[in-house]
Enquirer: 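A single structure is presented below for examination.
Note that the coordinates shown come from a computational prediction; the quantities given were computed from them, not determined experimentally. In what follows, chains are A, B, ... by sequence order, proteins preceding strands, each numbered from 1.
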Amino acid sequence: MSSYRIQGTTGEWEVVIGLEVHAQVTSNSKLFSGAAASFGAEPNTQVSLVDAAMPGMLPVPNAECIRQAVRTGLAIDAQINRWSRFDRKNYFYADLPQGYQISQLYHPLVGEGHLEIDADEKAGILEAKRIGVERIHVEQDAGKLMHDQHPTRSYVDLNRSGVALMEIVSRPDMTSPAEAGAYLRKLRAILRYVGSCDGNMEEGSMRADVNVSVRRAGEELGTRTETKNVNSVRFVMQAIEHEANRQVDVLEAGGKIVQETRLFNPDTGTTRSMRSKEDAHDYRYFPDPDLLPLELTEAFVEECRASLPELPDAKRARYVDVLGISAYNAAVLTAEVETARWFEALLDEGAEAKQAANWVMSELFGALNRLGKSIEDSPVSPAQAAELLTLVTDGTLSGSLAKQVFEKMLETGDSAGTIVERDGLKQTSDTGAIEAVIADVLAKNPGQLEQYRSGKEALFGFFVGQTMKAMAGKANPAVVNELLKKALG
Amino acid sequence: MTNLTDLGIAAIRDGFKAGDFTARDVASAFNDAVAGAKSLNAFIVETPEIALAAADQADKDRASGSLKPLSGVPIGMKDLFATKDVQTTAASHILEGFVPQYESTVSGKLWNAGAGMLGKLNLDQFAMGSSNETSFFGNVISPWRRNNGDTAALAPGGSSGGTSSAIAARLVPGATGTDTGGSIRQPAAFTGISGIKPTYGRCSRWGIVAFASSLDQAGPMARDVRDCAILLENMAGFDPKDSTSLDLPVPNWEAALSADLKGKRVGIPKEYRVDGMPAEIDALWEQGIAWLKDAGAEIVNVSLPHTQYALPAYYIIAPAEASSNLARYDGVRYGLRDLPDGANLQDMYAATRAAGFGDEVKRRILIGTYVLSAGFYDAYYTQAQKVRTLIARDFDQAWEKCDLLLTPTAPSAAFGLGEKSDDPLAMYLNDVFTVPTSLAGLPAMSVPGGLDALGLPLGLQIIGKALDEQTVLNAGLAIEERAGFTARADKWW
């Protein structure tokens, strides 16, 4: 249980949250037609006769979409239903050419599963928590209405019509906006690891319907509202915050929560009523007679299982247990599949794990942040980074020299070796040269020398700094330390 | 020279191959017959140029020795099959003027086999009806008349009424039908021709305007059993574009035709003796039993105990599927759009569908919407599906005792247009013998058995095991040979 509570005027309220996430399946073609499913094409250029619901057209399931949904189910340890069926959800809308959406109400492809969210004390999540997933079913997306093309008419773009979605329905196991946010981020990470959805919320390939209710501690579940189509983690958290507080206000004023569908306004962070249960559509679900039940062989499911990559939780545990990386670094490095991929490429190039983890966390992330780039667009490749780290390990570069070389790598795109050679940035362990510099530094700073010798040992760092400065950072720090100690006697 | 329009499909195919006449001669003769039969209203669109073009191609192919199975044979196409560049309406106003950019799988197979198209045949609107009185393009009239001097226009049956009328009137030698609850068999019976609904899944549904997806099945209608076998061979086959299509090879039904039924057991289901059935139909049924015995079959009595529930179950399942299948006709993308001044989207839907659908279609959409509604779904749809399972089990149990079933096709001969159109329940009763087979997805055929006292044709229905079209066709042939049905409607049109 999270520590999150709404403080009403009459006492504390708990919040209960369930999420229905619609995730667009990564697939070249649509769920029941051969039309392309890519984002951003000119309107109505990716529409087959089936997608436009021409007379006599029939749906044929796309095996790749089914495979991706099964892989997703396996990744959250869910039951895979070897027998499932498609149902029609009937309603009229201009973006729905068939007059029904092919979905799965009665017999979904994927049953009960779960995922773990991590403890995050700052966010009020006191310990790691398991969030149940009730089901995943596959269904068609609708098209899109365009209201800004003509002063009095609306246009319809059917490119999305028939694109495969997974609807991932959580149990009402979350009790704070932070938990909901953590669940969404974790789910998104798993989808991206599995490769079944790109998780891109801005392009609409992942969006959430947010179910919220409030109750007094220990009481029965309250009446819930459903806020539709919220399209970022932050907005989901805002929607919950607003909706929970609104419900508390209503209840404390003696009112009742109406079971209804609500809309989130990202500009104000508030929700408003869209339609109540009384106005709810009667979708007249029934099994789609154009499609046979979906029956999966054991071999198909096993092939799906074998195709799964190492998932974030397993990867993080391995980073800690096998690679000896700190728990915090491991969590960050495995949170996004691209980061983990980049990091593992770096290890494949021969970098040492702990050193590589520290370098990615501090140097690489710092640089990418500064440049506003994502890790996939990093100007420095894993191979180039590995070369840099090797130069540190073999003593060619000190830590500070490595920073300089890395900056130049970012600027020029040249390799670390090239930069070291060209700019003479190699660190020196030449004791004679270092001793000469030290003698010079001591001669130029008689006052500090006097203080040091009379007990102010903190000045040691001053002499190191002066020596390194005089050697333009190229002296091996360990050698400098050793020689300085000797000289200061 | 023989009158070419008196020839059936096998005779045209063989005579053309033998060089007795050209394909152009055949196409021209049928084009003339079509042009001269406007009063039957069997066609929604006539396509004489397409028939001639196919004929010319056939003549060339014959010259170059590359004949196809149906080279030289012109046929009619029920206007439920999408035909590329030719208006396809399902006999509805809402699809009036709709010209598909695609060809249905079944029609495409027929054209690839060398057949030519004489035109698009009229039907009950969206294949909903048993008399062809629900077409937006007007009633089809049967070429048959009662022999008592009454010139009342008679129903050709439905929904494939344009098909049955055109074949009976020798406007086409054969044509496609579709059968959801009897739409091939009942019109065949009413007009003295043959028609077979194959096993569900034999023919692709791709490109056929859907009525009730789990029941719709294409099949041929023609003058005799052999012609049906020939057409069916060129219509059937697996289609990856239809998930319910059967991935099985197409048998050589024509080559294996045999009227010898030795070793076959024919079941007579007692539940098909319904109250109020004309004595003549009962007598024909007895005659049919005698013919099949004569062909070597053993006759056994069987029971299909849930038969009486078939019609109510059918009139839940078929409208339920139809109410959803017809939702796509909304005025948004194609077909009729009725957009009153100031109308919003809902108004457009309402106006378009009010204007675009006929009464019977609306009735079935309403029934279907009702039975799928929250609170009624279990009582109607779920219950009907259970009945459907029981009906299928009835047949399975019957197959332990017999190899095929013989029944009348319809409980009456053709009725007059207008006689039942105000009474939907009386109309629905026409399907009482054909619907159970549709619910079970089994192959079934109607062949003409004789005439009633008023000189109107009566049909016998043969029902077979799933995928056993061959035995059905063979039994049809055995009856055909013994019935010697040669009666035809006198030309009055």
Side-chain angles (χ1 to χ4, degrees), chain A residues 32-34 44 47-63 85-102 105-106 142-143 145 147 152-158 161 277 280-295, chain B residues 80-82 88-90 92 95 98 100-102 104-105 126 201 204-210 212-216 239-245 317 320-321 323-335 345-346 348-350 353 368-377 381-382 385:
Chain A
F32 295 112
S33 85
N44 295 314
V47 186
S48 75
L49 295 167
V50 175
D51 306 324
M54 300 303 277
M57 291 301 101
L58 298 171
V60 176
N62 173 349
R85 202 171 61 183
F86 291 101
D87 301 300
R88 291 187 185 176
K89 178 181 183 179
N90 294 284
Y91 65 97
F92 285 93
Y93 204 55
D95 64 6
L96 189 74
Q98 292 166 141
Y100 54 84
Q101 176 195 35
I102 306 178
L105 176 68
Y106 297 110
L145 290 190
H147 301 294
T152 58
R153 293 179 176 217
S154 292
Y155 284 53
V156 189
D157 175 8
L158 295 180
S161 169
K277 192 184 174 189
H281 294 298
D282 180 350
Y283 290 118
R284 293 172 281 120
Y285 279 99
F286 75 109
D288 192 325
D290 283 332
L291 292 161
L292 300 174
L294 197 56
E295 295 184 66
Chain B
L80 203 62
F81 294 80
T88 299
T89 66
S92 69
L95 281 177
F98 173 68
Q101 300 165 37
Y102 49 94
S104 84
T105 298
F126 285 102
S204 169
R205 294 184 294 112
W206 194 90
I208 302 175
V209 175
S213 311
S214 74
L215 298 156
D216 294 346
D239 180 1
K241 292 188 287 187
D242 175 1
S243 304
T244 61
S245 163
I317 293 167
E321 294 182 11
S323 70
S324 178
N325 281 336
L326 270 59
R328 65 188 56 197
Y329 308 110
D330 57 6
V332 175
R333 298 169 311 288
Y334 51 79
L345 184 64
Q346 294 299 325
M348 183 181 87
Y349 288 150
R353 290 166 67 84
T369 303
Y370 177 78
V371 299
L372 290 176
S373 297
F376 299 101
Y377 180 83
Y381 187 80
T382 307
Q385 289 293 8

Enquirer: Is it the backbone or the side chain of B:P240 that comes under 4.5 Å from a heavy atom of chain A, or both, or neither?
Expert: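 The backbone, not the side chain.
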
Enquirer: Identify which part of B:S104 has an atom lying under 4.5 Å from any heavy atom of chain A, answering side chain, backbone, both or neither.
Expert: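 Neither part, no heavy atoms under 4.5 Å.
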
Enquirer: Would you mind reporting whether B:T244 and A:D290 have side-chain heavy atoms less than 4.5 Å apart?
Expert: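 The answer is no, as the side chains (C-beta and beyond) never meet within the 4.5 Å cut-off.
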
Enquirer: Would you call B:S243 and A:F32 a side-chain contact if the rule is heavy atoms closer than 4.5 Å?
Expert: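 No, every pair of side-chain atoms sits at 4.5 Å or beyond.
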
Enquirer: Treating B:R333 as the side-chain partner and A:A52 as the backbone partner, does any N or O pair qualify as donor plus acceptor under 3.5 Å?
Expert: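 Looks like yes, one N/O pair under 3.5 Å.
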
Enquirer: Check whether B:R205 gets within reach of chain A through its side chain, its backbone, both or neither, counting any heavy atom under 4.5 Å.
Expert: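 For B:R205, backbone and side chain are both near chain A.
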
Enquirer: Can you name the ring pair (Phe, Tyr, Trp, His ring centres under 6.0 Å) partners of B:Y381, sequence neighbours left out?
Expert: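 In terms of ring pair (Phe, Tyr, Trp, His ring centres under 6.0 Å), with neighbours along the sequence ignored, B:Y381 is linked to A:F286, B:Y377.
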
Enquirer: Side chain, backbone, both or neither: which part of B:L95 has an atom under 4.5 Å from a heavy atom of chain A?
Expert: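 Just its side chain gets close to chain A.
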
Enquirer: Select one option (side chain, backbone, both, neither) describing which atoms of B:T88 are under 4.5 Å from chain A's heavy atoms.
Expert: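 Contact with chain A: none, neither part.
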
Enquirer: Below 4.5 Å from any heavy atom of chain A, which atoms of B:I208 appear? Answer side chain, backbone, both or neither.
Expert: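 The answer is the backbone of B:I208.
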
Enquirer: Is there side-chain contact between B:K241 and A:L58, with at least one heavy-atom pair below 4.5 Å?
Expert: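 No - every pair of side-chain heavy atoms lies 4.5 Å or more apart.
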
Enquirer: So for B:N325, is it side chain, backbone, both, or neither that comes closer than 4.5 Å to the heavy atoms of chain A?
Expert: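 Both the backbone and the side chain of B:N325 come within 4.5 Å of chain A.
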
Enquirer: Taking A:D282 for the side chain and B:S373 for the main chain, is one N or O donor matched with an acceptor at less than 3.5 Å?
Expert: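 No, the answer is negative, given that no donor and acceptor are paired below the 3.5 Å cut-off.
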
Enquirer: If I measure from the heavy atoms of chain A, does B:Y329 come under 4.5 Å with its side chain, its backbone, both, or neither?
Expert: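 Just the side chain, heavy atoms under 4.5 Å.
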
Enquirer: Should A:P55 and B:Y102 count as side-chain neighbours, where that means a heavy-atom distance under 4.5 Å?
Expert: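 Side chain of A:P55 against side chain of B:Y102, heavy atoms only: contact under 4.5 Å found.
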
Enquirer: Side chain, backbone, both or neither: which part of B:F81 has an atom under 4.5 Å from a heavy atom of chain A?
Expert: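 Neither part.
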
Enquirer: To the nearest 0.5 Å, how far apart are CH2 in B:W206 and CE in A:M57?
Expert: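 Rounded to the nearest 0.5 Å, the CH2-CE separation comes to 4.0 Å.
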
Enquirer: Measuring heavy-atom distances to chain A, does B:A320 have an atom under 4.5 Å in its side chain, in its backbone, in both, or in neither?
Expert: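 Contact with chain A: backbone only.
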
Enquirer: What donor-acceptor contacts under 3.5 angstrom involve side-chain atoms of residues 91-99 of chain A, with partners at least two apart or in another chain?
Expert:
from	atom 1	to	atom 2	distance (Å)
A:Q98	NE2	A:Y100	O	3.0
A:Q98	NE2	A:Q140	OE1	2.9

Enquirer: How long is the straight-line distance from CG of A:D288 back to OG of B:S214, given to the nearest 0.5 Å?
Expert: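 The OG atom of B:S214 sits 10.5 Å away from the CG atom of A:D288.
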
Enquirer: Select one option (side chain, backbone, both, neither) describing which atoms of B:V332 are under 4.5 Å from chain A's heavy atoms.
Expert: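 Contact with chain A is through the side chain of B:V332 alone.
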
